[in-house]
Amino acid sequence: MEFVTRFKNALFLVTVLLAQAIALAMQVRGPATGTEPTGERVRLIRLWSIAAVSPFERAAHAISSGVRYTWFNYIDLRHARQENDALKRQIAQMRLDEAAIAEDALQDRRLQAMLQFRQRYVGSTVAAQVIGASASDQSHILTLDKGSNDGLKPDMAVISPDGIIGKIREVGPTTSLVVEINDQTSGAGVILESTRIRGILRGTVAGRVQIGNLTADSRIKPGEHVLTSGGDQVYPRGLPVGVIEKIEPDPDHQPYMAISVKPAADLNRVEEVLVITGMQSELSDQAQQDLLAAQAKRASDMSAEKLPGIHDGQPQDGAAAAGSAGSPAATQESVKVPRPIPVIHPDRYSPGATPPASNLTPGGASLPQQNPVPADSGKSSSAAPAQQETQ
Amino acid sequence: MRETLTLESMVTRSYMSRREAEQQSFHLLATVLIPAVAILLQVLLPRISPRLAIVDLPLIVTLFFAVSRRSPIAGTITGAAIGLLQDLLSGMPVGVNGMAKSVVGYAAASLGSRIDVENSATRAVLTFGFSLMQSVLLYLILRHLLEIHGFHVLWLHELVRAVVNLLVGIPVYLLLDRWKRQE
């Protein structure tokens, strides 16, 4: 009893540490998957804590956003109209580019279908705002203002227009926790864009992003783009991850290399994100429409390249073109069938030198006409081109 | 006999007076609010600037309460509560920061009952030392207790963190001194 009284402080500390060590051991044994009772309890306590803090985070975020947006809106409104027009033009151009890319993707899809692969496209997304960060420097966690009420679930990919951000770890009714790709516990399947080498992306203690399971390869160079491979079943294939920044030997895992990647998205300044809530095996309606439009445009371009131009050899006068476009009759009259250039010294190869097929006899010698008709004055020579034109 | 008793009572009084006279308590509201605000700021500050994540406000508050109360049990409880809440909001296994801050709270309170901790210089040294101590504890817990093999500690970064905590801690202590209630 005296022992307890004398060392009550130390015993209390030991008891507290022991209780926490047991709690840690139970978490490690049964990670928070939701199936283990301990994991579920910890998950619930964590969600309650986040729910308790999130109103303050929302309030702080609303205040800071309000101040920031008020100021920036004032500045930005001065050129909003011009910027709006420029952005509209940019969107139109990007839709065309996207359609062109989608066509390539379609071709790729056909090839993959032949190989019995199944391509998955981003089907639906939910936009969310970041309202909080991690309470510790050892982890890289974001708190989103959307939760299960908005259809979010654990292991959904979180992206931004620049690249991937991370994946959802915990989901509450109105908030969710996202583990960023630079967290030590994160991982993502990636592929190098040009060399097509696959690797696993992990976060480091310093908050950097590294590919650490590749051996030295002379083909891997700084500056190469890194994309998601889709092999992790979290991130859709082909999303930008970052650019290789540095390649050096990994001192802890020889003979592997530590390939540092500069994330495409600024992980320290994430404001709004997109959570991928659904995948689909078909392109979206809008993308399909754009694809059809691009295919039609491309087909017409190819036809225009292959067929002889009706204006070949004529001056491209805008006024004349406008005038001819105005009346169809004038168009018919102004259109001239292309004629060969008159020759100076005709021979048997000259246009019109060959007699008509009706004058020839089987087995007979084909003698050239003595007086070939100039191409621009004879009717027989212009018959074939005229027929082509009418067709 | 009488002289012996007087001497004994004097010694006891002297010891008790030093310990008890300097023991401070806090209003319940302050006890709950100050750590809650510290953790909330810890969550919000990195949103303003990622570099601010290096400051460990929960540690500073743990140290403040521990050395002010000078009770190792109270220090342990304060450290454990703040650390566990920090774990819950950081996505880490619950107990990592809880264990580290329990030890820090206990050690700070034990040290606070032996030395003068009202001095700013002493507080600065304490903050620096306990910040490094927490880094070591976190390393031991994560690397050896949880056996996270890829876990590394950048000791230069931890040294910088200790210095930053020291610099932030001094004005924070002065601010928090206003909440003290002398017993």
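Side chains included, hydrogens not; waters and symmetry mates left out as well; all remaining heavy atoms used. In the text below, chain A, chain B and the rest are named by the order of the sequence lines, each starting its count at 1.
A donor-acceptor contact shorter than 3.5 Å is absent between the side chain of B:Q134 and the backbone of B:A100. Under a 3.5 Å cut-off, the side chain of B:N97 and the backbone N or O of B:D87 do not form any donor-acceptor pair. Of the possible donor and acceptor atoms, none in the side chain of A:T175 sits under 3.5 Å from a partner among the backbone N and O of A:G172. No donor-acceptor pair under 3.5 Å is formed between the side chain of A:D250 and the backbone N or O of A:A258.
Proximity to chain B (any heavy atom under 4.5 Å) is shown, for A:V130, by both the backbone and the side chain. For A:I131, the part lying near chain B is the backbone, with the side chain staying farther off; criterion is any non-hydrogen pair under 4.5 Å. Contacts between A:A21 and chain B at a heavy-atom distance below 4.5 Å involve backbone atoms as well as side-chain atoms.
For the set B:L145, B:I73, B:T76, the count of heavy-atom pairs under 4.5 angstrom toward chain A peaks at B:I73. Heavy-atom pairs under 4.5 Å with chain A were tallied for B:G83, B:P46, B:S102; the largest tally goes to B:S102. Interface summary for chain A: among B:R51, B:Q42, B:M92, B:R47, the most heavy-atom pairs under 4.5 angstrom belong to B:R47. Each of B:G75, B:G95, B:S90 has some count of heavy-atom pairs under 4.5 Å with chain A, and the biggest count is that of B:S90.
Ring orientation note: the planes of B:F64 and B:Y173 are close to parallel, at an angle under 30° on the 30°/60° scale.
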